[in-house]
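Reading through the structure tokens given below for one structure.
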Amino acid sequence: MAPATLLGSTGAPSADALLDRFGRRAVDLRVSLTERCNLRCTYCMPAAGLPFAPDDALMTAAEIERLVRLGTTRFGVRKVRFTGGEPMLRHDLVDVIARCAALPDAPELSLTTNAIGLAHRADALYAAGLRRVNVSLDTVDPDVFTEVTRRPFLDKVIAGLSAAHDAGLAIKVNAVLLRGVNDHLAPELMRWCLERGYELRFIEQMPLDSDHAWERSTMITAAETRAMLSTSFGLVPDEAPRDGAPAERFRVLARGADGTLGEELGTIGIIASITESFCADCTRTRLTADGHVRSCLFSDDETDVLGPMRSGATDDEVAELWQRAMWAKPRDHGDDSDDLVHPTRGMSAIGG
């Protein structure tokens with residue numbers, strides 16, 4: 001239990017923080033901007049797509065601004081990442097970024113995107129206040145890219161990455177390895193990213209596909225990823241504290257033909273959401289595109305804050321709803337046990 005000074009008479013936290021029952025404090029906010037996407041990745045969405053919420057059911061730019069302001073000024077949120085779906089499909093994306101960048105106590109702003117369309121908007125997004133993009137890219141092989149995403153758009157993604165770099169945006173690349181599909185290409189992708197100064201993140205495939213076809217037995221684990229990469233590179237654990245970050249970071253060293261290690265090439269991260277969970281240090285809170293608080297990615301528990309806002313709820317009332325949702329956050333998501341929840345809503349609806 002949290003200290004008594006943090007509890008109100010109803011048993012919910014009364015401090016100006018997003019606390020849970022296990023002493024964790026959420027300071028990293030993920031905000032989904034849309035459920036729509038222009039790719040159909042096999043581990044995320046069916047080939048035919050999904051029924052999406054109508055536009056009037058989604059948070060407006062002004063409503064997003066209000067919730068981000070509550071998060072930063074009242075709860076001490078330090079980082080905000082905008083996600084989807086594909087947030088580049090929001091016509092008012094630059095306005096959303098600019099509104100949040102202009103807030104008092106403005107947080108660090110980043111964006112998760114597939115980079116399609118980024119080539120034409122990178123400069124405007126940087127000018128609005130965006131400082132980093134996390135680009136989803138599972139391979140740089142055109143045929144495999146089309147197989148995974150069901151769309152032949154690799155050239156658009158690469159153009160978006162190049163434009164983001166030129167605009168001054170920091171770049172991270174997120175990759176999911178699929179057994180028998182792109183796992184053998186992991187060293188190639190890492191070399192490609194290192195050569196361009198992009199920080200690569202390998203992410204264990206999670207049970208967030210709308211088809212509910214995920215199986216633990218077919219997932220490429222973090223341990224397998226490390227072993228696979230170590231045949232071509234040296235991986236040295238980064239000594240810097242993770243500070244709640246999901247990725248375990250490694251310094252990458254060149255490996256000679258004789259196995260000796262040479263110069264440092266850069267860093268990568270491996271996110272072991274399933275097999276080496278980091279729930280005990282979780283600092284995240286989430287808002288879905290239709291304005292629901294989710295305390296955990298692997299959960300079906302949601303709290304509607306958009307409905308009350310539109311019905312006239314005050315900031316204090318919205319803040320209390322948000323705090324109660326976070327207070328009920330589960331201890332963990334079950335790791336790789338039978339307790340692991342496969343959420344009803346897929347990643348495109350929840351937000352990454």
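L137 and L89 fall into different hydrophobic clusters, where Ile, Leu, Val, Met, Phe, Trp and Tyr side chains are chained together by heavy-atom contacts under 4.5 Å. Hydrophobic clustering of Ile, Leu, Val, Met, Phe, Trp and Tyr side chains at less than 4.5 Å, counting indirect connections, unites M59 with M309. Criterion: ILVMFWY side-chain heavy atoms under 4.5 Å apart, direct or through other members. Under it, L39 and V133 are part of a common hydrophobic cluster. Cluster membership for L185 and Y43, using ILVMFWY side-chain heavy atoms within less than 4.5 angstrom, is shared. In the hydrophobic cluster analysis, where Ile, Leu, Val, Met, Phe, Trp and Tyr join through side-chain heavy atoms closer than 4.5 angstrom, L321 is grouped together with V31.
By the 4.5 Å heavy-atom criterion applied to side chains, W322 and T303 are not counted as neighbours. You'll find the side chain of T72 stays beyond 4.5 Å of the side chain of R78, heavy atoms only. Side chains of V96 and E65 form no contact here, defined as non-hydrogen atoms less than 4.5 Å apart. Proximity of N182 to D141: side-chain heavy atoms (C-beta onward) are nowhere separated by under 4.5 Å. Here the side chains of I271 and N174 are not in contact, with every heavy-atom distance at 4.5 Å or above. No side-chain heavy atom of V77 sits under 4.5 Å from any side-chain heavy atom of D28. Put simply, the side chain of L178 does not reach to within 4.5 Å of the side chain of D183, judged on heavy atoms. Within the 4.5 Å cutoff, side-chain heavy atoms of P330 are placed close to those of S295.
Heavy atoms only, all atoms of each residue included: M190 and F202 are closest at SD-CE1, 4.3 Å. Between R191 and S232, the shortest heavy-atom contact is NH2-CB, 4.2 Å. Residues L177 and T225 share a closest heavy-atom pair of CD1-OG1, 3.8 Å. Closest of all the heavy-atom pairs between N38 and F153 is O-CE1, 3.9 Å. What you find for G49 and R40 is that their closest heavy atoms are CA-NE, 3.4 Å. Counting all heavy atoms, side chain and backbone alike, P87 lies closest to L33 at CB-CD1, 3.9 Å.
With hydrogens and angles disregarded, no donor-acceptor distance shorter than 3.5 Å links the side chain of R25 to the backbone of L18. Counting only distance, with no hydrogens or angles, the side chain of R310 and the backbone of V305 share no donor-acceptor pair below 3.5 Å. With hydrogens and angles disregarded, no donor-acceptor distance shorter than 3.5 Å links the side chain of D143 to the backbone of T146. In this structure, the side chain of R131 engages the main chain of Y126 through a donor-acceptor pair within 3.5 Å. The closest donor-acceptor contact from the side chain of T73 to the backbone of R69 lies under 3.5 Å.
Once rounded to the nearest 0.5 Å, the distance linking SG of C282 with CZ of R331 reads 14.0 Å. Here the CG atom belonging to L118 is positioned 7.5 Å from the CG atom belonging to L111, to the nearest 0.5 angstrom. Taking OG1 of T139 as the start and CG of L154 as the end, the distance is 7.5 Å to the nearest 0.5 Å. Interatomic distance, K329 NZ to L19 CG, rounded to the nearest 0.5 Å: 12.0 Å. Of the inter-residue distances, the one linking F75 atom CZ with D16 atom CG reads 7.0 Å to the nearest 0.5 angstrom. We find the OG-CG distance between S277 and D332 to be 6.0 Å, quoted to the nearest 0.5 Å.
Between R121 and D123 no salt bridge is recorded (no basic side-chain N to carboxylate O distance below 4.0 Å). Ion pair E320/R324 flagged as a salt bridge, since at least one NZ, NE, NH1 or NH2 atom sits closer than 4.0 Å to an Asp/Glu carboxylate oxygen. Using a 4.0 Å cut-off between charged nitrogen and carboxylate oxygen, E86 and R151 do not count as a salt-bridge pair. Between R90 and D95, no side-chain nitrogen of the basic residue sits less than 4.0 Å from a carboxylate oxygen of the acidic one, so the salt-bridge criterion is not met.
R74 pairs with exactly one of D316, D315, D105 by the side-chain hydrogen bond (donor to acceptor under 3.5 Å, both in side chains) rule, that one being D316. Only one option out of E224, Q205, H184 pairs with R179 in a side-chain hydrogen bond (donor to acceptor under 3.5 Å, both in side chains); it is E224.
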**Request:** Report the C-alpha distance between R132 and E108 in whole Å, list the side-chain angles of each, state the deciding distance to 0.1 Å, and finish with yes or no for side chain to side chain contact (heavy atoms under 4.5 Å, CB included).
**Result:** CA-CA 9 Å; R132 190 184 83 232; E108 174 188 319; 3.2 Å; yes
**Message:** As a quick check of understanding, evaluate side chain to side chain contact (heavy atoms under 4.5 Å, CB included) for S110 and K79, giving each step before the final call.
**Reply:** CA-CA 8 Å; S110 60; K79 299 179 181 179; over 6 Å; no
**Message:** Using the rule given for side chain to side chain contact (heavy atoms under 4.5 Å, CB included), can you reason through C100 versus F82, listing the C-alpha separation, both sets of side-chain angles and the distance that settles it, and then say yes or no?
**Reply:** CA-CA 11 Å; C100 295; F82 297 104; 3.8 Å; yes
**Prompt:** Which is it for F145 and V157 under the side chain to side chain contact (heavy atoms under 4.5 Å, CB included) test, yes or no, and what are the steps along the way?
**Reply:** CA-CA 10 Å; F145 180 91; V157 176; 3.9 Å; yes
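Judged purely by distance below 3.5 Å, without hydrogens or angles, the side chains of E204 and T275 pair a donor atom with an acceptor atom. Side chain to side chain, T112 and R81 meet the donor-acceptor criterion of an N or O pair below 3.5 Å. A donor-acceptor contact under 3.5 angstrom links the side chains of D290 and H292, judged on distance only.
Among pairs with a residue in residues 161-170, none fulfils side chain to side chain donor-acceptor pair (under 3.5 Å), at least two apart in sequence or across chains. Listed by first then second residue, pairs satisfying side chain to side chain donor-acceptor pair (under 3.5 Å) with a partner in residues 235-261 read E199-R249, D238-R249, R249-T267, R251-E264, D258-T260, not counting sequence neighbours.
The number of heavy-atom neighbours closer than 6.0 Å to NZ of K172, taken from other residues, nucleotides and ligands shown, is above 12.
Seen from the ring of F250, R226 does not count as a face-on cation partner, given the 6.0 Å and 45° thresholds.
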